[in-house]
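Heads up, the thing below is written out as structure tokens.
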Amino acid sequence: MIEFVEVVGIAVALSIDAMVVALCWSASQKEITTKHVAKFAIVFGFFQALMPLLGWVAGDALHQFISQWDHWVAFVLLAGVAASMLKEAFGDDEEEEKEACCGHCEGVKKSDIAWGELLVLAVATSLDALAIGFSFSMAGRAIVWPAILIGVICLVLTALAVLAGKRLSEKAKRFETPMTCLGALVLILIGIRILFEHGVF
């Protein structure tokens, strides 16, 4: 029972970054669909479950190598997505409005997130879970059920975050650009926090 509660606590802690990213993205969109919720929840949950498994398999030896640069990888990935969001926020809105969505949107472009960008966000926000896998490996503890539980909890919390962002977006459609900029800023701050936690500053 204690071990279960411990894993739940770890899962919630690991899911915070994913929740913040999902919340900020959805709050900056004109429309949030079930597809968006499913995409974020499944992809983020999958990588949050995968990383502990990879960390457990890699073990302590590989951790000593990866730990020297994993925080920089996370920072660069998050900063890259933030730059993409800023570019979109200050892009040519007139051209975007002219783009039709499958011919059924009366010329209005339907917002969505590219799979590549979503994968980058999922990897960047789940790198910390590698350390959990390493620690479980060194302690000789099982990893399959904790990894599944971590993934499921992240999936649920991420879905809730996207839905919460939808509520915000419905009340603040006029502030799409500021919300997008805020989301980009949050990604950069998360990256800086990761660097700070790894003793860069």
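Position 1 is the first residue of the sequence; numbering continues from there.
- Residues Ala49 and Ala147 share a closest heavy-atom pair of CB-O, 3.2 Å.
- Shown here for Ala18 and Thr158, the closest heavy-atom pair between the two residues is CB-OG1, 4.0 Å.
- In this structure, Leu189 is not a member of the same hydrophobic cluster as Met19, with clusters built from ILVMFWY side-chain heavy atoms closer than 4.5 Å.
- Within the 4.5 Å cutoff, side-chain heavy atoms of Met51 are placed close to those of Leu54.
- Between Trp25 and Phe40, the two ring planes are tilted [angle within 30° to 60°].
- In this structure, Thr33 and Val37 have side chains that are not in contact, with every pair of non-hydrogen atoms separated by 4.5 Å or more.
- Across every non-hydrogen atom of His36 and Glu31, the tightest pair is CE1-O, 3.4 Å.
- Residues Val162 and Leu23 fail the side-chain proximity criterion, which asks for heavy atoms closer than 4.5 Å.
- Residues satisfying the side chain to side chain contact (heavy atoms under 4.5 Å, CB included) criterion with Leu195, sequence neighbours excluded, are His71, Trp72, Phe75, Val200, Phe201.
- Rounding to the nearest 0.5 angstrom, the gap separating the CZ atom in Phe47 from the CG atom in Leu118 is 8.5 Å.
- Atom CG of Leu127 sits about 11.0 Å away from atom CG of Leu14, to the nearest 0.5 Å.
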Quick one: do Ile113 and Leu121 satisfy side-chain contact (heavy atoms from CB on, under 4.5 Å)? Show the steps, please. CA-CA 11 Å; Ile113 184 169; Leu121 288 173; 4.0 Å; yes
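- Distance check: Leu149 CG to Ile10 CD1 gives 10.0 Å after rounding to the nearest 0.5 Å.
- Side chains of Val57 and Leu53 form no contact here, defined as non-hydrogen atoms less than 4.5 Å apart.
- Here the closest heavy-atom approach between residue Ser26 and residue Ala161 is recorded as OG-O, 3.7 Å.
- For Trp56 (side chain) and Leu130 (main-chain N/O), no donor-acceptor pair under 3.5 Å exists by modelled atom type.
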Check the pair Val43, Trp115 against side-chain contact (heavy atoms from CB on, under 4.5 Å), reporting the backbone distance first and the verdict last. CA-CA 9 Å; Val43 174; Trp115 281 105; 3.5 Å; yes
Between Leu157 and Phe44, is the side-chain contact (heavy atoms from CB on, under 4.5 Å) condition met? List the steps. CA-CA 10 Å; Leu157 293 180; Phe44 276 54; over 6 Å; no
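- Summarising the geometry, atom SG belonging to Cys154 is positioned 10.0 Å from atom CG belonging to Asp17; distances are rounded to the nearest 0.5 Å.
- Remark: side-chain polar atoms of Ser126 are paired, donor with acceptor, to backbone N or O of Val123 under 3.5 angstrom.
- The CD atom of Gln48 sits 9.5 Å away from atom CD1 of Ile132, with the distance rounded to the nearest 0.5 Å.
- Atom CG in Leu185 sits 8.5 Å away from atom CD1 in Ile192 (nearest 0.5 Å).
- Side-chain atoms of Pro52 and Phe136, non-hydrogen and from C-beta on, never get closer than 4.5 Å to each other.
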